[in-house]
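This report refers to the structure that appears directly beneath it.
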Amino acid sequence: MIVRMGLLTRKPGLSSEDFRSHWRDVHGPLAARLPGLRRYHQNHVVDRSQLAIDHARGAWSVDGISELWFDSLDDMHRAISSDAYREVAEDHVRFVGGTGLITAEQNVVVPVEATAGPLVKRMSILTRKRGLTPEQFKSEWWGFHADAVRKFPNLMGYTQNLLTGRSAGLGQSASYEALPIDGMVELWFRSVADIEAAFRSPAANVSQTHALSFIEEITTFLVETHEVI
């Protein structure tokens with residue numbers, strides 16, 4: 001299964017509240033009709049601080065991150081070539097300004113238990129260290145780093161999303177320089193206090209020291225997730 005993510009910035013002049021309500025109440029039901037779509041989550045950004053880490057932050061400023069899951073790339077391409085997608089694209093420009101679209105392969109390191117209850121979710125955009133190849137980045141991230149983060153106390157879920165494609169807008173391909181993203185992190189905890197405690201732990205000292213060797217920038221966001229389907 002692959003995931004298509006949208007890094008969304010609200011249209012100039014639109015309030016955060018109007019962006020959020022349109023995305024959830026109007027756009028969500030339209031996108032949910034895409035053929036072959038398995039799951040669709042909206043992650044509404046509620047905090048842009050570099051919570052609990054002091055790693056260099058990128059210049060990313062987004063209002064929401066969408067996640068749409070398909071069984072395969074072929075299914076995704078069929079969906080975005082469909083009549084249903086044309087309606088999605090027409091509505092997109094009514095409330096979204098800047099957009100970056102990425103496709104990723106997921107590595108679920110710590111699954112979120114169905115019985116976990118309400119959780120706080122943090123998403124982070126990763127850019128690999130200068131001079132590092134994508135293959136080297138993947139090896140470090142999916143190897144030693146995954147095992148180090150798995151040992152965090154209070155951790156309720158951890159997914160790594162490794163980029164396999166990118167575009168600057170609907171139907172527009174993009175270079176790495178236009179969207180310098182190599183990975184998207186998803187972490188779940190029970191509370192902000194648990195996040196802060198986890199990143200003060202010995203396990204975090206190991207993982208954050210290792211991060212300095214292969215990650216140039218980490219840009220973090222706290223999000224509230226709306227599960228459309």
Side-chain angles (χ1 to χ4, degrees), residues 1-12 14 16-46 60-108 111-112 114 119 121-126 157 159-176 178-179 181-188 221 223-229:
M1 186 172 286
I2 60 99
V3 61
R4 176 181 168 95
M5 294 185 175
L7 281 66
L8 311 180
T9 304
R10 67 181 185 272
K11 192 171 183 177
L14 197 68
S16 297
E17 293 75 17
D18 288 343
F19 169 84
R20 182 171 182 148
S21 63
H22 188 102
W23 189 20
R24 179 168 182 153
D25 300 331
V26 178
H27 195 77
L30 288 175
R33 291 159 40 192
L34 292 174
L37 182 64
R38 293 301 186 184
R39 284 190 294 156
Y40 172 32
H41 293 179
Q42 297 175 347
N43 297 288
H44 299 259
V45 172
V46 295
W60 304 102
S61 178
V62 301
D63 295 290
I65 302 171
S66 60
E67 293 180 279
L68 297 93
W69 285 267
F70 298 90
D71 285 336
S72 66
L73 279 173
D74 285 343
D75 283 352
M76 184 189 80
H77 291 314
R78 278 192 288 271
I80 62 180
S81 299
S82 67
D83 290 340
Y85 188 75
R86 280 195 286 274
E87 291 186 64
V88 171
E90 289 170 0
D91 183 66
H92 182 90
V93 298
R94 297 189 179 108
F95 75 108
V96 180
T99 304
L101 295 172
I102 59 177
T103 306
E105 177 185 357
Q106 291 197 309
N107 180 33
V108 180
V112 177
L119 298 174
K121 182 178 181 181
R122 190 174 86 166
M123 302 185 75
S124 302
I125 299 170
L126 306 184
T159 294
Q160 299 172 321
N161 297 282
L162 182 73
L163 258 71
T164 57
R166 51 179 61 81
S167 59
L170 302 179
Q172 303 173 20
S173 61
S175 65
Y176 180 82
L179 274 178
I181 302 172
D182 294 279
M184 182 77 74
V185 179
E186 298 176 86
L187 292 170
W188 289 264
F221 305 94
V223 300
E224 290 181 357
T225 302
H226 171 55
E227 298 185 5
V228 182
I229 59 173

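FYI, the numbering just counts along the sequence from 1. Side chains included, hydrogens not; waters and symmetry mates left out as well; all remaining heavy atoms used.
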Of all heavy-atom pairs linking Gly64 and Val45, the shortest is N-CG2, 3.9 Å
If you apply the rule side chain to side chain contact (heavy atoms under 4.5 Å, CB included), what do you find for Asp18 with Phe95, and how did you get there? CA-CA 8 Å; Asp18 288 343; Phe95 75 108; over 6 Å; no
Can you tell me how far apart CZ (Phe70) and CD1 (Ile80) are? Round to the nearest 0.5 Å. 8.0 Å
Any heavy-atom pair between the side chains of Val3 and Met5 that's under 4.5 Å? yes
Derivation of the side chain to side chain contact (heavy atoms under 4.5 Å, CB included) call for Thr103 and Leu73: CA-CA 9 Å; Thr103 306; Leu73 279 173; 3.9 Å; yes
Closest approach of Pro29 to Val26 (non-hydrogen atoms, all atoms of both residues): CD-O, 3.4 Å
Atom CZ of Arg122: over 12 foreign heavy atoms under 6.0 Å: yes
Just how far is it from atom CG of Leu162 to atom CG of Asp182, taken to the nearest 0.5 Å? 8.0 Å
Tightest non-hydrogen contact, residues Ala79 and Tyr85, listed as O-CB, 3.2 Å
Walk me through whether Met123 and Val62 qualify under side chain to side chain contact (heavy atoms under 4.5 Å, CB included). CA-CA 11 Å; Met123 302 185 75; Val62 301; over 6 Å; no
Full working for side chain to side chain contact (heavy atoms under 4.5 Å, CB included) between Leu34 and Tyr40: CA-CA 10 Å; Leu34 292 174; Tyr40 172 32; over 6 Å; no
Hey, does Asp63 have a side-chain heavy atom less than 4.5 Å from the side chain of Leu8? no
What are the two closest non-hydrogen atoms of Ile102 and Met184, and how far apart are they? CD1-CE, 4.1 Å
With rounding to the nearest 0.5 Å, note down the distance linking CG in Leu7 to CZ in Arg166. 11.5 Å
Could you tell me the separation between the CE atom of Met76 and the CG atom of Asp71, rounded to the nearest 0.5 Å? 13.0 Å
Please check if the side chain of Ser66 supplies one atom and the backbone of Gly6 the other of a donor-acceptor pair under 3.5 Å. yes
Do the side chains of Leu30 and Glu90 get nearer than 4.5 Å, heavy atoms only? no
Close side-chain approach of Glu67 and Arg39, heavy atoms under 4.5 Å: no
Is there a side-chain contact between His226 and Arg20 (heavy atoms, below 4.5 Å)? no
Shortest non-hydrogen contact from Val96 to Gly98? CG1-O, 3.9 Å
Could you check whether any side-chain N or O of Arg78 sits under 3.5 Å from a backbone N or O of Gly36, counting only pairs where one atom can act as donor and the other as acceptor? no
Non-hydrogen side-chain atoms of Lys11 and Phe19 separated by less than 4.5 Å: no
Closest non-hydrogen atom pair, Asn161 against Ala104: CB-CB, 3.8 Å
CE of Met1 to OG of Ser72, rounded to nearest 0.5 Å, is 9.5 Å
Is the NZ or CZ atom of Arg38 both under 6.0 Å from the centre of the six-membered ring of Trp69 and within 45° of that ring's axis? no
Just wondering, do Leu163 and Leu179 contact through their side chains at under 4.5 Å, heavy atoms? no
Looking only at the aromatic ring of each residue, does the gap between the centers of Trp23 and His44 stay below 6.0 angstrom? yes
A side-chain contact here means heavy atoms from C-beta on lying under 4.5 Å apart; do Glu105 and Asn107 qualify? no
To the closest 0.5 Å, what do you measure between OG (Ser82) and CZ (Arg33)? 9.5 Å
